[in-house]
*Asks:* 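Handing you this structure, nothing more for now.
Keep in mind that what you see is a predicted model, and the values were worked out from it rather than measured.
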Amino acid sequence: MNVNEPVTSIKGVGEKTAELLTKIGVYTVGDILLSFPKSYVQYPKAITPEELHIQPGEAPMIALAVQIRKSPIAKKAKGMDLTILELQTGSGLLSVVWFRMPYIRKKLLPGRWYVLYGKLSWRPGKEGMSMEQPEIYEPESYENISERYLPVYGLTKGLSNHMVTKLVQTALAQETCLIERLPDEVRRNHHLCAYEYAIKQIHFPDDFDTLYEARKRLVFEEFFFFILGLQYRKEVRDKQPNHLTMTKDTWMEQVKKRLPYELTEAQKNSLEQMKKDITGEYLMQRLLQGDVGSGKTIIAFLCMVLCSENHYQSAIMAPTEVLAMQHYDNFCQWVEEYHLPIPVVLLTGSMTQKQKREAYEKLQQLDNAIVVGTHALIQDKAVYGRLALVITDEQHRFGVKQRQELTDKGINPHVLVMSATPIPRTLAMILYGDLDISVMNEVPAKRLPIKNCVVNTTYRPKAYDFIRKEVALGHQAYVICPLVEETENMDSENVKDYSKRLREELGPGIQVEFLHGKMKPKDKNAIMERFLRNEIQVLVSTTVIEVGVNVPNATVMMIENAERFGLAQLHQLRGRVGRGNAQSYCIMINTSGSKKSQKRLDILNHSNDGFYIASEDLKLRGPGDFFGIRQSGEMYFQMGDIYQDADVLQEASDAVREILDKDPELLLEEHRRLKEMMEQYTFRF
């Protein structure tokens, strides 16, 4: 068995299971090995009921070693079978309850010892505590898992954590799947463990130290191949001569004068840098790094207008159809409003074959078109006539390879990469080492600062009242949940259940709908169009809306389980409001109760400056801070986090530099395999 074989080659995986696995991105044996745990559960040491002493209000996960004195009792309540075991503990009476599981009575035999693992809760208005649906273990079985780190995987409906765990164990038994990827010199110089050891320990760590060691190795590897791909592809660092003649700038200047607002100094400076690049001696290779709401889109449009007046095409690639449609609508509106003789062409994956065919024809025929689209822009059938400028929007959503594929559609075009992720400059120079950097750290003067609050779950009723009031004023609201649907082992809000609850809370007069990344593009577009037209007042969504969505009428952003998101991602989400003239608000619900989470969220609570937030986030994170959902949300690394792992990012960058200085073409025997690995990794970003 090798990593490229289909997942059905693993014993026990049939077509039905394989279909479920595709929903979490698993198609091959290698994919299951690279489906790393989202977090880990550490089962506590079992104690006897007499040893249990907790205070009212505490609700820990505990393991009780109990000897069954008499069989549990069976009851019916509201048509539901209940199985109840009453225990006396050091903190008082404990009722252990199983719902719809009558067979438990026969399973728990009097005189035998068992370990019950579950969450304690204090019963409101009643004496004592309860434990619902605890897991039941034989003492010896529980001893085997006690105090170990056990993996918790990302799942979908129909897949259990136990099922994925068994599949990973089976795949790990195939030693041929675990071939070393890094050169010996790199592992030796940077004190990294072997790949086989790292993969086994990341799934089933012996202890925290081995987990930490495994994670560092895998994070290093991700960064290493990402940076290697970046550095290897940039045709040395020598600037390429600019063969594109751009002498006219009348249209661009006219649009600037007719804008209904004054460009900020940061916008003016960035635009001047780009104009100088586009009309200069060498081709532009530039990153435009602008904070949320800083006005990157209008700057990109002005550069595209410059190309159009000189009879060249430009193309902007957005990561989602929702964002591509917004760009298309904006550009069409501006072209009409400013009387520009420029055709605007849309090309996305969900268009019909006829629509795509018409778009392909326009790409070849219209020599000054502005082209807007998604990944469809880099398909083989998309052939451009005079492509002189390529722009990737929200660059962290694309990989080096995809960016290069769009560039290859032109004949050495200018390249502009846009990102709203406020990455500290030291990290940006590594991640975008092949680009010059322009920074826009101002927002338009007319925009009111967003008012923020970080609250706990008891604030929800007030938040719902506040949303009602804003809707009554004609405004709209977003509610963000971390999950699409209810998932095993993830105690977080999900959009499907939450939208139902919110409809009941807000009443029939307020239209509530949900949006998530697993929906078909045409359905997502339909929802967003209805939201834009205010036919939907409250949109319950996953983070699919964090990228560039522009609805000026939305004034409330409510984020559930805010502690589960990275600060940069929260800042992106918050940036979806405050885009109009009305006062906007961001309500972050912290469900963890942890002081550490509160401290992190307070950074966001007291600042709307993305660059400040990013730098403070970097200071707060420690080298062992990697449990729970991956925090950054900025770069699509599977394991690495550019803030938390900034030191590893620097190490990986140094390692790449050492190799390319010695062997720039990767021709040495020990480096040849790196090309193959680089292709695999850059494809995954």
*Asks:* Indicate yes or no for a side-chain donor-acceptor contact from His571 to the backbone of Leu567 under 3.5 Å, with no hydrogens or angles considered.
*Replies:* no
*Asks:* Does any N or O in the side chain of Tyr328 come within less than 3.5 Å of the main-chain N or O of Val371, such that one atom is a donor and the other an acceptor?
*Replies:* no
*Asks:* Run the side chain to side chain donor-acceptor pair (under 3.5 Å) check on Glu281 and Asn242 step by step: do they pass?
*Replies:* CA-CA 5 Å; Glu281 188 178 350; Asn242 183 3; over 6 Å; no
*Asks:* Hey, mind stepping through Leu302 and Leu306 against side-chain contact (heavy atoms from CB on, under 4.5 Å) and telling me if it holds?
*Replies:* CA-CA 6 Å; Leu302 288 167; Leu306 176 62; over 6 Å; no
*Asks:* To the nearest 0.5 angstrom, please state how far the CG atom of Leu377 sits from the CD atom of Glu405.
*Replies:* 11.5 Å
*Asks:* Does any non-hydrogen side-chain atom of His243 lie less than 4.5 Å from one of Asn412?
*Replies:* yes
*Asks:* Going from CE on Met528 to OG on Ser541, what distance comes out if it is rounded to the nearest 0.5 angstrom?
*Replies:* 8.0 Å
*Asks:* Which pair of heavy atoms, one from Ala382 and one from Leu347, lies closest together, and at what distance?
*Replies:* CB-CD2, 4.1 Å
*Asks:* Is the closest side-chain heavy-atom distance between Arg579 and Asn553 below 4.5 Å?
*Replies:* no
*Asks:* Could you pull out the closest heavy-atom pair between Ser419 and Leu287, with the gap in Å?
*Replies:* CB-CD1, 4.2 Å
*Asks:* Ring pair (Phe, Tyr, Trp, His ring centres under 6.0 Å) with Tyr478: which residues, sequence neighbours excluded?
*Replies:* Phe531
*Asks:* For Gln289 and Val439, what are the C-alpha separation, side-chain angles and deciding distance, and is it a side-chain contact (heavy atoms from CB on, under 4.5 Å)?
*Replies:* CA-CA 5 Å; Gln289 193 182 8; Val439 176; 4.1 Å; yes
*Asks:* Does the side chain of Leu416 reach to within under 4.5 Å of the side chain of Met284, using non-hydrogen atoms?
*Replies:* yes
*Asks:* Can you check whether Gln326 reaches Leu532 side chain to side chain, under 4.5 Å on heavy atoms?
*Replies:* yes
*Asks:* Has Lys409 got a side-chain atom pairing as donor or acceptor with Gln379's backbone, closer than 3.5 angstrom?
*Replies:* yes
*Asks:* Tell me if a side-chain donor or acceptor on Gln313 pairs with a main-chain N or O of Leu363 at a distance below 3.5 Å.
*Replies:* yes
*Asks:* Just checking, is any N or O donor in the side chain of Glu529 or Asn525 under 3.5 Å from an acceptor N or O on the other one?
*Replies:* no
*Asks:* Distance alone, cut at 3.5 Å: any donor-acceptor contact between the side chains of Asn608 and Arg574?
*Replies:* yes
*Asks:* Apply side-chain contact (heavy atoms from CB on, under 4.5 Å) to the pair Met440 and Leu288, showing each step before the final yes or no.
*Replies:* CA-CA 7 Å; Met440 296 200 319; Leu288 175 58; 3.7 Å; yes
*Asks:* Using side chain to side chain donor-acceptor pair (under 3.5 Å), reason through Glu470 and Thr555 one step at a time and then give a plain yes or no.
*Replies:* CA-CA 8 Å; Glu470 284 295 300; Thr555 57; 2.7 Å; yes
*Asks:* What heavy-atom pair brings Leu346 and Met351 nearest, and what distance separates the two atoms?
*Replies:* O-CE, 3.3 Å
*Asks:* Name every donor-acceptor pair, under 3.5 Å, that has one atom in a side chain of residues 331-345 and the other anywhere in the protein, sequence neighbours excluded.
*Replies:*
none

*Asks:* Using a strict cut-off of less than 4.0 Å between a Lys/Arg side-chain nitrogen and an Asp/Glu carboxylate oxygen, indicate whether Glu262 and Lys268 qualify as a salt bridge.
*Replies:* yes
*Asks:* Taking all non-hydrogen atoms of both residues into account, name the closest pair between Ile467 and Ala477 and its distance.
*Replies:* CG2-CB, 4.1 Å
*Asks:* With distance as the sole test, does Ser499 use its side chain to make a donor-acceptor pair with the main-chain N or O of Val495 at under 3.5 Å?
*Replies:* yes
*Asks:* Check the surroundings of atom CD1 in Ile411: do more than 12 heavy atoms from other residues, nucleotides or ligands lie under 6.0 Å from it?
*Replies:* no
*Asks:* Using only atom types and a distance under 3.5 Å, with no angle test, would you say the side chain of Ser308 pairs donor to acceptor with the backbone of Asn368?
*Replies:* yes
*Asks:* Decide whether Glu321 and Ser350 meet the rule of one side-chain donor and one side-chain acceptor closer than 3.5 Å.
*Replies:* yes
*Asks:* Quick check: closest heavy atoms across Ser607 and Asn452, and the distance to 0.1 Å?
*Replies:* O-ND2, 4.5 Å
*Asks:* CG of Leu366 to CZ of Arg386: how many Å apart, nearest 0.5 Å?
*Replies:* 12.5 Å
*Asks:* Would you say the side-chain atoms of Ser584 pair up with the backbone N or O of Gly578, donor to acceptor, closer than 3.5 Å?
*Replies:* yes
*Asks:* Do NZ/NE/NH1/NH2 and the carboxylate oxygens of Lys275 and Glu253 come within less than 4.0 Å?
*Replies:* yes
*Asks:* More than 12 foreign heavy atoms under 6.0 Å from NZ of Lys248: is that the case here?
*Replies:* no
*Asks:* Is the closest side-chain heavy-atom distance between Lys362 and Gln365 below 4.5 Å?
*Replies:* no
*Asks:* Check step by step if side chain to side chain donor-acceptor pair (under 3.5 Å) holds for Gln273 and Asn269.
*Replies:* CA-CA 6 Å; Gln273 288 168 345; Asn269 292 338; over 6 Å; no
*Asks:* State the OH-CG distance between Tyr312 and Leu244, to the nearest 0.5 angstrom.
*Replies:* 5.0 Å
*Asks:* Begin with the C-alpha distance, continue with both residues' side-chain angles, and end with the deciding distance and a verdict on side chain to side chain donor-acceptor pair (under 3.5 Å) for Asp393 and His327.
*Replies:* CA-CA 10 Å; Asp393 193 10; His327 283 330; 2.6 Å; yes
*Asks:* Is there a donor-acceptor contact under 3.5 Å linking the side chains of Glu265 and Gln267?
*Replies:* no
*Asks:* I need the minimum non-hydrogen distance between Lys524 and Gly517, along with the two atoms involved.
*Replies:* NZ-O, 3.7 Å
*Asks:* Are Leu515 and Glu513 close enough that some pair of their side-chain heavy atoms sits under 4.5 Å apart?
*Replies:* no
*Asks:* To the nearest 0.5 Å, what is the distance between CD1 (Ile536) and CD (Gln476)?
*Replies:* 8.5 Å
*Asks:* Calculate, to the nearest 0.5 Å, the distance between atoms CD and OG1 belonging to Glu309 and Thr247 respectively.
*Replies:* 8.0 Å
*Asks:* Do Glu560 and Ile480 make a side-chain contact, defined as non-hydrogen atoms from C-beta onward lying under 4.5 Å apart?
*Replies:* no
*Asks:* Between Leu539 and Val479, does the side-chain contact (heavy atoms from CB on, under 4.5 Å) criterion hold? Intermediate values first, please.
*Replies:* CA-CA 6 Å; Leu539 184 61; Val479 178; over 6 Å; no
*Asks:* Could you check if a side-chain atom of Thr543 sits within less than 4.5 angstrom of a side-chain atom of Gln569, using non-hydrogen atoms only?
*Replies:* yes
